[in-house]
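In the text below, chain A, chain B and the rest are named by the order of the sequence lines, each starting its count at 1. Below, all heavy atoms of this structure are taken into account, side chains as well, without hydrogens, waters or symmetry copies.
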Number of protein chains: 2
Amino acid sequence: MAKVEVFERIDLRKAAEVLSKAVRSRRNIYLIAKCDVEYYGRSSSKLEEGERQIIIKSDGAFLIHRPTGHSPVNWQPETSYINVEFDEEEGKVIIKAVRSKPREIVVVRASEIPLIVSSVLHDSGAFYMYVSEKEIRDILAAHPTLLGEKFVTIDIEKKVEPGFIDLYLKDGKGNVVVVEIKRSTARVDAVRQLKKYIDALSKHLGHERIRGIIAAPSITSKAYELLAKEKLEFKQINLKVITEYAKKKTSAKGILEFFK
Amino acid sequence: MAKVEVFERIDLRKAAEVLSKAVRSRRNIYLIAKCDVEYYGRSSSKLEEGERQIIIKSDGAFLIHRPTGHSPVNWQPETSYINVEFDEEEGKVIIKAVRSKPREIVVVRASEIPLIVSSVLHDSGAFYMYVSEKEIRDILAAHPTLLGEKFVTIDIEKKVEPGFIDLYLKDGKGNVVVVEIKRSTARVDAVRQLKKYIDALSKHLGHERIRGIIAAPSITSKAYELLAKEKLEFKQINLKVITEYAKKKTSAKGILEFFK
DNA sequence: GTCTACATGTCGCTC
DNA sequence: GAGCGACGTGTAGAC
């Protein structure tokens, strides 16, 4: 069970003590603070006073969230140290989160801290991400017929001049097939990417016919127009089907990892 | 003053009520929950049970944070709706955060909720993001009239005995001008720094008049006092204007790179 | 609404 | 450590 300590309506001097101790003992900290924030580093910023939520994680990750918006207004991905102290002159709690590389610092000056939550959280639960582009690629490589033809896989992540071809196949007639995979709706940049690989490859292969395929769950109309113009093809892939294969593969992978 | 309500050690049925009400009334919510999480959308993921921190913001932003790491393990940048209910069968609190475009859903199933914080936060503080001091210096060097007079740039980062002068200008009357740039509020040490450069420079230039300027978005009263005493000047720079020039510079650079 | 380029991007890989 | 590409990238601006 999570150990949770709550500090409400404590004075700022005490708040600085509590925070300092919690940081040193690597607790997970959540606080509500009326504060201003300054950031110096690769860029710099100044946030004027207001009420915010601040999270300091056990590994030093530091996040300042405004009442709206998905992303933190200021943050520090990893900190070399976090210092908390009560500034007698200003009568404020100063939190400094310093990162050494790149050299960056976030300074919070809090005039009110109505709440501090200090907790020890136990979290060993595994996180599985399904059907990443890489997984789709591996599954299509193992089962190229999922693309709707009697394809045979020749190579994965084949290096060509400008980058890597996701899948390099041959079709039933022996034609070379270049496949560009997108996990979500394919856009014009995906088509350009595919074209780029084919152009590069054609320099090596000469007059051999090269088919180009975008494999994605869907494609934008603009992208399809360009695709048709370039005489390239679109093969729709079913993510649910892929996910099924992914799950099978995940369990298999788990077993492999167990034995290695 | 922020309105903060804390709910500790309440049973799950009550927790669902509290959360549901807090979501409807658009509070800022922080909770600690032992939960598992599933995500379906552009990709899909499964996070097995563990103790996490969850933030639900007043605009529907939804974040699930593990005890370590800068980025949330699951999230929803904006939600079309968030539903909280107590599942009688499982005896768990189910939180569903749904986003319509792209169609995505995050489902949290909580078996323990040791803490809920519901708050109303007032935050109207402006957020300023500005360029690095180096960029400000380069822009002011290219456009010295931004300092409000017919200045002409003579040198950048001019070496003098104790260090480097940010900007070395001449004014309309041919006077030498030393500029010390600060990207945020100039303090007394900035004035001392400027004075130091001028003193060093005056040894070389003799009796020639040397003007000293602090160029910063703002200056502390203490610093301004010292500045006046030393007969130095403060020129306020507008970071928004500088930022605009920074953007133009970026595009210009892009063109240069194209031609090189 | 879609496309495009930028970000204190971050993250994870190879070299 | 630097370089490069992917990301459930998010975000802002142009068309």
Value for CG (A:D189) from NZ (A:K196), rounded to nearest 0.5 Å, stands at 10.0 Å
To the closest 0.5 Å, what do you measure between CD (A:E233) and CG (A:L194)? 9.5 Å
For A:E180 and for A:G69, find the nucleotide of DNA chain D with the closest heavy atom, then tell me which residue's nucleotide is more 5'. A:E180
The single option from A:E48, A:E38, A:E90, A:E49 passing salt bridge (charged side-chain N to carboxylate O under 4.0 Å, His left out) against A:R109: A:E90
Checking D:dG10, D:dA2, C:dT10 against the side chain of A:R42 (C-beta onward), the nearest is C:dT10
For B:Y40, is there any backbone N or O sitting under 3.5 Å from a side-chain donor or acceptor partner on B:E104? no
How do A:E104 and A:S221 order along DNA chain C: which one's closest nucleotide is nearer the 5' end? A:S221
Rounded off to whole Å, could you give me the NZ-to-P distance for the A:K46 and C:dT8 pair? 18 Å
Can you tell me how far C1' of D:dG5 sits from CD1 of A:I181, to the nearest Å? 15 Å
Give me the residues of residues 52-64 of chain A where at least one heavy atom lies under 4.0 Å from an atom of DNA chain D, by number, or none. none
Whether over 12 other heavy atoms sit under 6.0 Å from A:Y224 OH: no
Let me know the distance between CG of A:L47 and C1' of C:dT8, rounded to the nearest Å. 14 Å
How long is the line joining CZ of A:F127 and P of D:dC7, in whole Å? 14 Å
Using atom CG of A:D189 as one end and atom P of C:dT2 as the other, report the distance to the nearest whole Å. 15 Å
Proximal nucleotide (of D:dG10, C:dC3, C:dT4) relative to the A:K222 side chain: C:dC3
Euclidean distance for P, D:dC4 against D:dG8 (whole angstrom): 22 Å
Within 45 degrees of the ring normal and closer than 6.0 Å to the centroid, is that where the cationic atom of A:K158 sits relative to A:Y168? yes
Give a yes/no on whether any side-chain N or O of A:S45 is located under 4.0 angstrom from OP1 or OP2 of C:dT8. no
Check the distance between D:dC7's C1' and A:Q193's CD and give it to me in whole angstrom. 14 Å
Return yes when atom NZ of A:K235 has more than 12 non-hydrogen atoms of other residues, nucleotides or ligands closer than 6.0 Å, and no otherwise. yes
Given D:dG10, D:dG8, C:dC11, which nucleotide is nearest the side-chain atoms of A:H70? D:dG10
Which value, rounded to the nearest 0.5 Å, describes the distance between B:I55 atom CD1 and B:Y30 atom OH? 7.5 Å
How many whole angstroms separate atom CD1 of A:I156 from atom P of C:dC13? 17 Å
OP1 or OP2 of C:dT2 under 4.0 Å from side-chain N/O of B:K101: yes
Assign A:R137 to base, sugar-phosphate, or nothing according to its heavy-atom contacts below 4.0 angstrom with the strands shown. nothing
Would you please classify the geometry between the A:W75 ring and the B:H70 ring as parallel, tilted or perpendicular, with 30° and 60° separating the classes? tilted
Is there a residue in residues 72-84 of chain A whose heavy atoms reach under 4.0 Å of DNA chain C, and which residues are they? A:V73, A:N74, A:W75, A:P77
So what does A:R103 touch, heavy atoms closer than 4.0 Å: a base, only the sugar-phosphate, or nothing? nothing
Compute whether any side-chain donor of one residue and acceptor of the other, for B:S45 and B:N74, lie under 3.5 angstrom apart. yes
